[in-house]
2 protein chains.
Amino acid sequence: MKLENRKEEIIKTAAKLFKEKGYSAVTMRDIATAVGMKAASLYNHISSKQELLKIIIISLAEAFTQGMQEIKTSNISTKQKLEAVVKLHVDITAQNTFGMASLNNDWMHLEGERDYYLSLRSGYEADFRSILLEGIQRKEIADSSVEVMLFSILSTLRSLYLWIPKKEDVTPEDLSKSLSNVLINGINK
Amino acid sequence: MKLENRKEEIIKTAAKLFKEKGYSAVTMRDIATAVGMKAASLYNHISSKQELLKIIIISLAEAFTQGMQEIKTSNISTKQKLEAVVKLHVDITAQNTFGMASLNNDWMHLEGERDYYLSLRSGYEADFRSILLEGIQRKEIADSSVEVMLFSILSTLRSLYLWIPKKEDVTPEDLSKSLSNVLINGINK
DNA sequence: GCACCAAACTAACAGTTGTTAGTTTAATAC
DNA sequence: GTATTAAACTAACAACTGTTAGTTTGGTGC
């Protein structure tokens, strides 16, 4: 239906602007101009600026949670799980680099769903930590600090939204592979 | 002098609030309340909200640039240079986690110094890239994609401001060491 | 006690914010 | 051709924004 298309367009435009300037610095008039209408007309499609942020962030957070569920319940090696997590991040981010900026930088401006978002995020990190811990116990990966490994990998994956747009010639498959390689094997010879 | 102390206090308070909500979402009244005065009184110490952002970001960016100059001109191995870069990030970030949030997330709101900031940033990344390239040529590190290595390491180092405050029990020395280890050797057994 | 002055205050400004109310437009259904 | 309706519009709102002007306060040096 047409209304849904227009709403989708508004959400994508909002996400793009949120990435460039952050949620608070983007006005409804900015979004309206970018989409070719007046600010008041936006309200024929959405209920509030908050709704835009909520849709952008929560849908992405739930995609990560769902992806992680599938990985952690699959019967594969620790390294294969890590590669799958990398691929999950690369794929979701490649599809929506704008929204990922809001997920990373504007979640604190969520008003009704901040706690829900934070619970998804905590759960995700806990699952990730479990994968690493299991890998150490099974002697599949090095016995370094779990927290440092988790932080290092997750920081890199969470920054993909900044990097993918600058390397449009690299396919998600190639990126996943070389990234997995560097994260798992480091840069050592 | 007293005036400088008060100004320092305002800058630190502003940086703290900027980290929590982002530059645009923080009002001069927020800063004033947090520091115990009225918004108009802030202008006895600073000239504008922009000045606060400029001081916070530019001083940090210049510290990184200066640190990088010393590392790249030093006569040490590639791995030692990488360890020095890690230490540079850990030390600066540990001293000013609030300001690092602005450096990472609010530089686009700089009005007079954005281009200057971006030039410092580009120079820093170019120097970092050169260190990695030299390491590959000298066969001191693996011959993986320089861009992927650079992105991965820099993403981790730039996210330190989020992580260090949550691990106050870890000393900068220990963190630098374990982080260098994970970044250089990966998580492989 | 008086002059000086940094640093706080009150009051106000012009512009911007998200949002609402009410109206017009243009396409569709019958 | 008339009724309906989604989606645009204009106009306006109350609240909030960064900042300025002018005033008061309280301590220092003489």
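The chains referred to below are lettered A, B, ... by the order of the sequence lines, with proteins before strands, and numbering in each begins at 1.
Counting to the nearest Å, the C1' atom of C/dT16 and the CZ atom of B/Arg29 are 13 Å from each other. A/Leu17 has its CG atom 12 Å from the P atom of C/dG18, to the nearest Å. Between B/Met28 atom CE and C/dA8 atom P the separation is 13 Å, expressed in whole Å. What separates NZ of B/Lys21 from C1' of D/dT17 is a distance of 13 Å, to the nearest Å. Atom pair B/Met37:CE and C/dA6:C1' shows a separation of 12 Å (rounding to whole Å applied). Distance B/Tyr43 OH to C/dA6 C1': 19 Å, rounded to the nearest Å. D/dA7 atom C1' lies 15 Å from atom NZ of A/Lys7, rounded to whole Å. Taking atom CD1 on B/Ile10 and atom C1' on C/dA6, their separation rounds to 13 Å, with Å as the unit.
Under 3.5 Å, the side chains of B/Thr27 and B/Asp30 contain a donor-acceptor pair of N or O atoms.
For A/Lys38 and D/dA8, the shortest distance from a side-chain N or O to OP1 or OP2 is not below 4.0 Å. At D/dA6, none of the side-chain N or O atoms of A/Arg6 fall inside 4.0 Å of OP1 or OP2 (strictly under the cut-off). Using a 4.0 Å cut-off, some side-chain N or O of B/Ser41 falls inside it from OP1 or OP2 of C/dC9.
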Show the numbers, then the answer: is there a side chain to side chain donor-acceptor pair (under 3.5 Å) between B/Asn105 and B/Lys19? CA-CA 9 Å; B/Asn105 302 323; B/Lys19 184 190 176 193; over 6 Å; no
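Within 4.0 Å (heavy atoms only), A/Val26 reaches sugar-phosphate atoms of the nucleic acid but no base atom.
Here C/dG18 is the nucleotide among C/dT10, D/dT19, C/dG18 with the atom lying nearest to any side-chain atom of A/Lys49. Nearest to the side-chain atoms of A/Asn44 among the listed nucleotides C/dT10, D/dA8, C/dT19 stands D/dA8. Minimum atom distance to the side chain of A/His45 is reached by D/dA7, of the listed D/dA12, D/dA7, C/dC9.
Salt bridge B/Lys54/B/Glu51: absent, no basic N to carboxylate O contact under 4.0 Å.
Using the six-membered ring where Trp is involved, A/Phe151 and B/Trp163 have ring planes that are parallel, under 30° apart on the 30 and 60° scheme. Between A/Tyr23 and A/His109, the ring-plane angle classifies as parallel under the 30° and 60° cut-offs.
With the nearest nucleotide of DNA chain C identified for both A/Ser47 and A/Asp30, A/Asp30 has the one nearer the 5' end.
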